[in-house]
Asks: 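Pasting a structure here, questions to come.
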Amino acid sequence: MDFFPSLVDLLRHSSCTFETGTFCYVDGCYVFDSHPPQADFCCASVILDRGRLFHRHGHYPRRLDTMVQGHLSKITLWNLRWKCPFCDKTFSMTPPNVLYRQRACVFVIYLLAFLYLNSSGGIDTCYPPELDVVRERAQLRRYYRHFRQTAQITQQSIREAIVQRVGPEDYERMTLSGLSPPESLLKCRDSHSYQVWESLHLLEISSRFLCVPTALLLSWARERATLLRRPFLTQLR
């Protein structure tokens, strides 16, 4: 597992800033403080010129499997809730590295797919004890099945998030050597697994080119997918 020290996770730092908000570490828990959302969630979309449309409506906790300083950890993450003052509808703004109803963060799901495609064994033998995030193998198979279904559109979100930051010319130079998997990886023979591998490889070379953690690239891509209302990784819709 030599690659683990080089994969610096998002939550390794005490505070991380994104377009949609900030992570903070307070009293042993992680708190996601999001910016005010756009007026497209409820009746506020038709109300104009009335100042701030939403107000804060407390936080709610959820348990999350993520990497903290290179080790898999179960953390408590508090998400901010917002409320519309006109129709009293409430909703939450989740951080970009958290998928709906998934207990593993996007970085852990990325690692699971990476390890599976790069191993010669089956899904029961390719994960080390350090990444035994989901003990039910059926859940792992479900992760990968969903990843295969969303591989093409996930790769598109990753590509767009990278091009926004490096420009088309640098992106072409970065991917000049191609994204195809080596012939030794038998699991990448079918078209869907092939696209999964291309997505993982794109993240790897982009992380080296931009000198940023892979988890941060994933969060940028998830923000892009959320903005355009696309599926991402194991989130089908």
Side-chain angles (χ1 to χ4, degrees), residues 3 7 10 18-20 94-120 122-123 126-127 131 133-134 137-210 212-237:
F3 60 88
L7 296 176
L10 167 70
F18 294 93
E19 297 173 4
T20 55
T94 58
N97 70 328
V98 177
L99 296 175
Y100 180 63
R101 289 188 175 179
Q102 299 291 349
R103 52 183 172 178
C105 71
V106 294
F107 183 66
V108 170
I109 295 174
Y110 156 80
L111 283 180
L112 295 176
F114 182 89
L115 289 172
Y116 174 70
L117 287 178
N118 281 275
S119 68
S120 58
I123 204 165
C126 62
Y127 300 117
L131 261 184
V133 56
V134 183
R137 297 309 177 193
Q139 180 68 37
L140 294 174
R141 293 187 181 93
R142 191 156 49 247
Y143 275 158
Y144 188 67
R145 184 172 68 251
H146 291 175
F147 202 169
R148 282 163 47 92
Q149 293 175 349
T150 64
Q152 184 175 7
I153 194 66
T154 294
Q155 185 181 141
Q156 180 66 21
S157 297
I158 294 171
R159 184 183 297 111
E160 291 174 0
I162 295 171
V163 170
Q164 281 184 331
R165 288 160 176 84
V166 301
E169 294 182 359
D170 287 337
Y171 178 83
E172 292 294 333
R173 185 166 59 253
M174 181 179 64
T175 57
L176 191 61
S177 59
L179 301 173
S180 301
E183 296 182 359
S184 59
L185 293 182
L186 302 178
K187 296 176 182 177
C188 299
R189 295 292 175 87
D190 68 276
S191 59
H192 294 296
S193 295
Y194 190 97
Q195 291 175 340
V196 172
W197 168 263
E198 287 184 329
S199 301
L200 302 181
H201 192 193
L202 179 59
L203 286 167
E204 181 186 357
I205 63 177
S206 302
S207 178
R208 293 199 305 265
F209 185 84
L210 297 173
V212 299
T214 306
L216 189 56
L217 290 177
L218 279 165
S219 297
W220 288 343
R222 171 72 202 293
E223 285 183 324
R224 179 69 179 174
T226 301
L227 178 65
L228 299 177
R229 305 195 179 195
R230 295 172 175 169
F232 190 75
L233 288 183
T234 63
Q235 181 175 308
L236 300 181
R237 278 296 171 190

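Values below: all heavy atoms of this structure, side chains included; hydrogens, waters and symmetry mates excluded.
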Asks: How close do C188 and S193 get, counting heavy atoms only, and between which atoms?
Replies: CA-CB, 4.0 Å
Asks: How about V212 and R165: do any of their side-chain heavy atoms sit closer than 4.5 Å?
Replies: no
Asks: Can you tell me which residue among Y143, W197, Y144, F147 is in a ring-ring contact (aromatic ring centres under 6.0 Å, His included) with Y116?
Replies: Y144
Asks: Which pair of non-hydrogen atoms, one from L117 and one from K187, has the smallest distance, and what is that distance?
Replies: CD2-CB, 4.1 Å
Asks: Calculate, to the nearest 0.5 Å, the distance between atoms CZ and CD1 belonging to R224 and I158 respectively.
Replies: 13.0 Å
Asks: With side chains defined as the heavy atoms from C-beta onward, is the minimum distance between V106 and L99 less than 4.5 Å?
Replies: yes
Asks: Tell me the closest heavy-atom pair linking A225 and S157, and the distance in Å.
Replies: CB-OG, 3.7 Å
Asks: If you take all heavy atoms of E223 and T20, which pair is closest and at what distance?
Replies: OE2-OG1, 3.0 Å
Asks: Can you check whether T214 reaches L111 side chain to side chain, under 4.5 Å on heavy atoms?
Replies: no
Asks: Could you go through the side-chain contact (heavy atoms from CB on, under 4.5 Å) check for T175 and R159 one step at a time?
Replies: CA-CA 11 Å; T175 57; R159 184 183 297 111; over 6 Å; no
Asks: May I have the step-by-step check of side-chain contact (heavy atoms from CB on, under 4.5 Å) for I162 and M174, ending in yes or no?
Replies: CA-CA 11 Å; I162 295 171; M174 181 179 64; 3.7 Å; yes
Asks: First locate atom CD1 of I153, then atom CG of L233, and finally report the distance between them rounded to the nearest 0.5 Å.
Replies: 12.5 Å
Asks: In Å, rounded to the nearest 0.5 Å, how long is the span from OG of S180 to CG of L185?
Replies: 11.5 Å
Asks: Can a salt bridge be assigned to the pair E204 and R208 using a cut-off of 4.0 Å between side-chain N and carboxylate O?
Replies: yes
Asks: For Q149 and R145: C-alpha separation, side-chain torsions, deciding distance, then whether side-chain hydrogen bond (donor to acceptor under 3.5 Å, both in side chains) applies.
Replies: CA-CA 6 Å; Q149 293 175 349; R145 184 172 68 251; 5.9 Å; no
Asks: Run the numbers on L227 and E19 for side-chain contact (heavy atoms from CB on, under 4.5 Å), then give the verdict.
Replies: CA-CA 11 Å; L227 178 65; E19 297 173 4; over 6 Å; no
Asks: Atom CG in D190, atom CD in Q195: separation rounded to 0.5 Å?
Replies: 9.5 Å
Asks: Could you walk me through whether Q156 and Q152 satisfy the side-chain hydrogen bond (donor to acceptor under 3.5 Å, both in side chains) test, starting with their C-alpha distance in whole Å, then the side-chain angles of each, then the deciding distance to 0.1 Å, before giving a yes or no?
Replies: CA-CA 6 Å; Q156 180 66 21; Q152 184 175 7; over 6 Å; no
Asks: Please give me the minimum heavy-atom distance between P96 and R222, naming the atom from each residue.
Replies: O-CG, 2.7 Å
Asks: Please determine whether side-chain contact (heavy atoms from CB on, under 4.5 Å) holds for the pair F114 and L203, giving the CA-CA distance in whole Å, both sets of side-chain angles, and the decisive distance to 0.1 Å.
Replies: CA-CA 11 Å; F114 182 89; L203 286 167; over 6 Å; no
Asks: By the ring pair (Phe, Tyr, Trp, His ring centres under 6.0 Å) test, which pairs, at least two apart or in different chains, include something from residues 153-195?
Replies: none
Asks: Is a side-chain N or O of T150 found less than 3.5 angstrom from the main chain of F232, in a donor-acceptor match?
Replies: no
Asks: Which heavy atom of A151 sits nearest to which heavy atom of S199, and what is that distance?
Replies: O-OG, 3.7 Å
